[in-house]
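Step one of this worksheet: look at the structure below.
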Amino acid sequence: MNKVISNQNVNNNNLSEALMENVQVAKNTVAVMLDGSLMSLEAFLALEVHPLGKLFSGVVGSSYRSLKADIAEQGMTDAIVLHEGKILDGKVRHQICQELIQGNSFTGDVTVQTLPAGVAPLRYLISQNLQRRHLNESQRAIIGVRILTGAGNDFKGRTDEQVAELFNISQRQAIAARQVINKGCPELIRLVEEGVIRVNMA
């Protein structure tokens, strides 16, 4: 079922003044399609990230710059996927698109899709990220434990052994990741998430 988000649903207070100024410049050069219907550029820019979408950390540093350069040159080739009206998959691409539009340097089309009914959002997110990203065992362990402890009923009650199987890690790594999350400081957890240090060392 097609869905159109109107400007009335947008809270422009979420956008910086600089971004809003550039929206008027770029709105005629960027087409955003949501489930086959036109979506306003303002509504697209104001999209928020779904809580499940925050379970996977985004790309940073040189990987982020490379992706931004590719999108600036080639446009958006992958759809941004929404669940409950918020970004489930594609938060980094959405952020890059915001920056490019703000700089008036993006003129391509953007496809936004709603997660089909009957598809489990968490399982979809895990599948997409594990296929797309080159995550080491420690990163997968941290993500797996984070999902186990904070993603709601989809994975409630799962054991470290089940998480290890799902994320292709050892049970020992799953246990270590749980200890890091429960006892580690935010900076230590971030370093493991970004692949700087291994979970067993942390």
Side-chain angles (χ1 to χ4, degrees), residues 14 16 47-74 76-84 86-100 102 115 119-202:
N14 293 332
S16 67
L47 286 173
E48 298 178 356
V49 179
H50 192 280
L52 290 178
K54 298 177 182 178
L55 291 172
F56 283 83
S57 59
V59 296
V60 296
S62 60
S63 296
Y64 183 90
R65 292 190 292 273
S66 295
L67 180 59
K68 184 174 182 178
D70 182 71
I71 291 176
E73 181 178 352
Q74 305 294 334
M76 293 274 285
T77 57
D78 296 321
I80 290 174
V81 179
L82 304 184
H83 177 58
E84 298 175 339
K86 297 182 179 181
I87 298 172
L88 178 68
D89 183 49
K91 63 180 179 182
V92 174
R93 281 171 280 139
H94 180 262
Q95 179 180 337
I96 288 173
C97 202
Q98 282 184 317
E99 293 174 1
L100 292 175
Q102 182 177 2
L115 188 71
V119 177
L122 187 53
R123 291 186 179 277
Y124 173 85
L125 187 64
I126 291 172
S127 175
Q128 290 297 306
N129 277 273
L130 294 188
Q131 290 179 25
R132 182 188 305 133
R133 302 171 61 185
H134 301 290
L135 302 172
N136 63 37
E137 294 89 346
S138 295
Q139 291 172 299
R140 295 200 300 271
I142 287 288
I143 291 168
V145 171
R146 204 183 276 285
I147 288 174
L148 174 70
T149 58
N153 292 328
D154 282 358
F155 282 76
K156 189 175 182 179
R158 285 182 177 267
T159 65
D160 292 321
E161 183 178 2
Q162 290 172 311
V163 171
E165 180 180 357
L166 181 64
F167 285 87
N168 192 26
I169 58 175
S170 69
Q171 188 175 350
R172 180 181 176 184
Q173 288 170 319
I175 293 171
R178 184 191 293 274
Q179 292 175 336
V180 170
I181 288 177
N182 289 339
K183 300 180 180 180
C185 65
E187 178 65 14
L188 181 63
I189 297 172
R190 183 187 66 80
L191 291 174
V192 178
E193 287 179 329
E194 295 180 1
V196 178
I197 62 176
R198 300 286 177 172
V199 68
N200 291 334
M201 180 181 296

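Model, not experiment: these values are computed from the prediction.
Gln139 and Glu194 make their closest contact through NE2-C, 3.4 Å (heavy atoms, listed as atom of the first residue, atom of the second, distance). Across Ile142 and Ile181, no two heavy atoms sit closer than the pair O-CD1, 3.7 Å. For the pair Leu52 and Leu125, the tightest heavy-atom approach, listed with the atom from each and the gap, is O-CD2, 3.0 Å. Counting all heavy atoms, side chain and backbone alike, Val192 lies closest to Ala202 at CG2-CB, 3.7 Å. In this structure, Pro121 and His83 approach most closely via the heavy-atom pair CG-NE2, 3.6 Å. The two atoms that bring Ile169 and Ala141 nearest to each other are CD1-CA, 3.5 Å, heavy atoms only.
One distance of note links CD of Gln179 with CG of Asn200; it measures 9.5 Å at 0.5 Å rounding. Considering NZ of Lys54 and NZ of Lys91, their distance stands at 8.5 Å, rounded to 0.5 Å. We find the OG-CG distance between Ser138 and Leu191 to be 12.0 Å, quoted to the nearest 0.5 Å. Between the CD1 atom in Ile126 and the CD atom in Gln128 there is a gap of 11.5 Å [rounded to 0.5 Å]. For the atom pair CD of Gln95 and OH of Tyr64, the computed distance is 3.5 Å after rounding to the nearest 0.5 Å. To the nearest 0.5 Å, atom CD1 of residue Ile80 and atom CD1 of residue Ile87 are 5.5 Å apart.
Side-chain N or O atoms of Arg93 include none that pairs as donor or acceptor with a backbone N or O of Thr77 at under 3.5 Å. Put simply, the side chain of Ser127 never gets that close to the backbone of Arg123: no donor and acceptor are under 3.5 Å apart.
Counting only heavy atoms from C-beta outward, the side chains of Arg198 and Asn136 approach each other to under 4.5 Å.
The pair Arg190-Glu187 meets the salt-bridge criterion, since a charged nitrogen lies less than 4.0 angstrom from a carboxylate oxygen.
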